[in-house]
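Here's the structure, in C-alpha cells; my notes come after.
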Protein chains: 2
Amino acid sequence: MLLSKSCVYGLRATLLLASYQNGGYTSIKDLSNKLDISFHFLTKILQQLTAAELLESMKGPKGGVRLSGESSDITLREVVIAIDGPDIFTECVLGLPGCGSEKPCPMHAMWAETRDDIEQMLQTTSLEDMSKEGMEQDLRITADGHFVWGEP
Amino acid sequence: MLLSKSCVYGLRATLLLASYQNGGYTSIKDLSNKLDISFHFLTKILQQLTAAELLESMKGPKGGVRLSGESSDITLREVVIAIDGPDIFTECVLGLPGCGSEKPCPMHAMWAETRDDIEQMLQTTSLEDMSKEGMEQDLRITADGHFVWGEP
DNA sequence: ACTATTTAAGAGTAATATGTCTTAAATATA
DNA sequence: TATATTTAAGACATATTACTCTTAAATAGT
C-alpha cells in the first residue's frame with residue numbers, strides 16, 4: 001500500500017468531518033462508529049492531525065474534533081503528510097537512500113514523474129472536493145458501502 | 001512504500017543479473033555481496049522468482065541463478081507481481097475492499113488513473129531497458145552508490 | 001566415492017505496524 | 001461541587017514484515 005492504514009483512516013475521518021460542514025465538534029466515537037474503525041486507534045490518529053493543526057479538539061461533553069479551517073482549504077496532501085510524513089513524496093522507489101537527480105537509480109526518472117503526479121493530485125484536491133463528490137454521488141467510504149453521508 | 005522491501009530487492013537483483021548478459025549462472029552470494037543485501041533473505045526472494053519461472057536456478061558448484069529468458073522479455077511488472085502479488089494494481093487507495101467502478105470511493109477515479117499509469121510504466125519497461133540505462137549512465141543500484149555494473 | 005559449493009526449505013528472531021486497554025485531564029451540565 | 005462525557009497519553013498486545021540461522025538436497029570436480 002502506498003499509504004499506511006493510519007493515513008487512510010485519517011483521510012476517511014477528515015472526509016466525513018468535511019461532509020458535516022456544521023462547524024461544530026463531532027465526537028470521535030461517532031466517526032469511529034460510522035467508519036467502522038477502532039475508536040482508540042482512530043483517536044490516536046486524529047491526535048496526530050490535531051498536533052498538525054489540521055483539526056481542533058475539545059474535551060468533555062459536547063466535545064470532539066472539527067476541522068481547523070474551511071474544508072476547501074485543507075488538501076489531501078496535508079493530511080497524508082501529517083500522518084505518513086513528507087518522505088513519501090521524495091523517496092526512491094527502490095528505497096535507495098542517496099538516490100536523487102545527482103546520482104539516481106535506473107527507475108528514478110520514471111518514478112519521480114508519477115510521484116510528482118500523485119503529490120500534485122493530492123495537493124490540488126481539498127477535503128471539500130472529495131466530500132462533496134462523496135455526498136453527491138453517494139460514494140463508498142466504508143468497506144460494506146452502507147453509509148449515509150453528512151449526518152453528524 | 002509502494003513496493004515491499006522484498007520486491008525492491010528482487011528488482012535490484014534481477015537488474016544486476018540482466019546486466020551480466022552472459023547467460024550463465026550467477027551465485028546468489030555474488031548478488032547479495034554486490035547489492036549489500038542479506039544472503040539468506042535474498043535467497044528466499046529469488047526462490048519466489050524461480051517459482052514464478054522468471055529465474056532458473058541450479059545447485060552445486062558453478063550453480064546459481066539466471067534469467068529464464070531474454071532480459072528484454074521480462075518486464076518490471078512481472079517481477080513486482082511475482083513478489084508483491086497482482087493486487088497492488090487493483091487495490092483501492094483507501095484500502096476499501098468492495099471499491100470498484102460499480103460503487104467507488106471518492107478517490108477511486110483519480111487513483112485508478114495513476115495506478116494504471118504505474119502498471120503501464122512497469123509493463124512497458126524490461127529488465128534490459130533498465131539495466132542498459134544503469135550501465136550506460138553508471139546509475140545507482142546500491143545505497144552507497146559505489147558499484148560496478150556488468151561484472152559477474 | 002568423497003568433498004566442497006551452492007540452492008531449497010523451514011524454523012526461529014527482530015522490528016515495525018496495527019490494534020486494545022487503562023488511567024488521567026478537561027469540560028458541560030446539573 | 002459532583003457527575004457524566006469526552007479527548008490525551010501511555011502501556012500493553014497482536015499481526016505483519018523483515019531478517020537470521022540451521023539443515024537438507026543437488027551437483028561439479030577430484
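Order of the sequence lines sets the chain letters (A, B, ...), proteins ahead of strands, with each chain counted from 1. Keep in mind the model is a prediction, meaning the values are calculated, not measured.
Atoms CD (B:Gln47) and C1' (D:dA26) sit 14 Å apart, rounded to a whole Å. Atom NZ in B:Lys29 sits about 12 Å away from atom C1' in D:dC21, given to the nearest Å. Counting to the nearest Å, the P atom of D:dT20 and the NZ atom of B:Lys5 are 10 Å from each other. What separates CZ of B:Arg12 from P of D:dA18 is a distance of 14 Å, to the nearest Å.
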Using distance only, find each side-chain donor-acceptor pair of residues 41-55 of chain B under 3.5 Å and give its atom names and separation, not counting sequence neighbours.
from	atom 1	to	atom 2	distance (Å)
B:Thr43	OG1	B:Phe39	O	2.8
B:Thr50	OG1	B:Leu46	O	2.9

Identify every side-chain donor-acceptor pair in residues 89-102 of chain A under 3.5 Å, counting partners at least two apart or on other chains, and give the distances.
from	atom 1	to	atom 2	distance (Å)
A:Thr90	OG1	A:Asp87	O	3.1

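Remark: A:Ser57, A:Met58, A:Lys59, A:Gly60 in residues 52-60 of chain A come within less than 4.0 Å of DNA chain D through at least one heavy atom. Near DNA chain C, meaning a heavy atom under 4.0 Å from it, residues 32-41 of chain A has A:Ser38, A:His40, A:Phe41 in order of number.
Partners of B:Trp111 according to the ring-ring contact (aromatic ring centres under 6.0 Å, His included) rule, which considers only residues two or more places apart in sequence or in another chain, do not exist here. Scanning for side-chain hydrogen bond (donor to acceptor under 3.5 Å, both in side chains) contacts around B:Arg115 gives an empty result, with sequence neighbours left out. Under the salt bridge (Lys or Arg N to Asp or Glu O under 4.0 Å) criterion, B:Lys34 pairs with B:Asp30, sequence neighbours left out. Under the rule for a salt bridge (Lys or Arg N to Asp or Glu O under 4.0 Å), A:Glu78 has no partner lying at least two apart in sequence or in another chain. Residues meeting the salt bridge (Lys or Arg N to Asp or Glu O under 4.0 Å) test with B:Glu56, sequence neighbours left out: B:Arg66. Under the salt bridge (Lys or Arg N to Asp or Glu O under 4.0 Å) criterion, B:Asp138 pairs with A:Lys103, sequence neighbours left out.
B:Tyr20 and B:Leu139 fall into different hydrophobic clusters, where Ile, Leu, Val, Met, Phe, Trp and Tyr are joined by side-chain heavy atoms under 4.5 Å apart, directly or via other members.
A:Leu46 comes within contact range of no nucleotide atom at all, as no heavy-atom separation falls under 4.0 Å.
Within a 6.0 Å radius of CG in B:Asn33, other residues, nucleotides and ligands contribute more than 12 heavy atoms.
Read 5' to 3', the first and last nucleotides of DNA chain C with an atom closer than 4.0 Å to a heavy atom of chain B are C:dA4 to C:dA11.
A:Met58 forms part of a hydrophobic cluster together with A:Tyr25, judged by ILVMFWY side-chain heavy-atom separations under 4.5 Å.
Between B:Tyr9 and D:dC19, a side-chain N or O to OP1/OP2 separation shorter than 4.0 Å is present.
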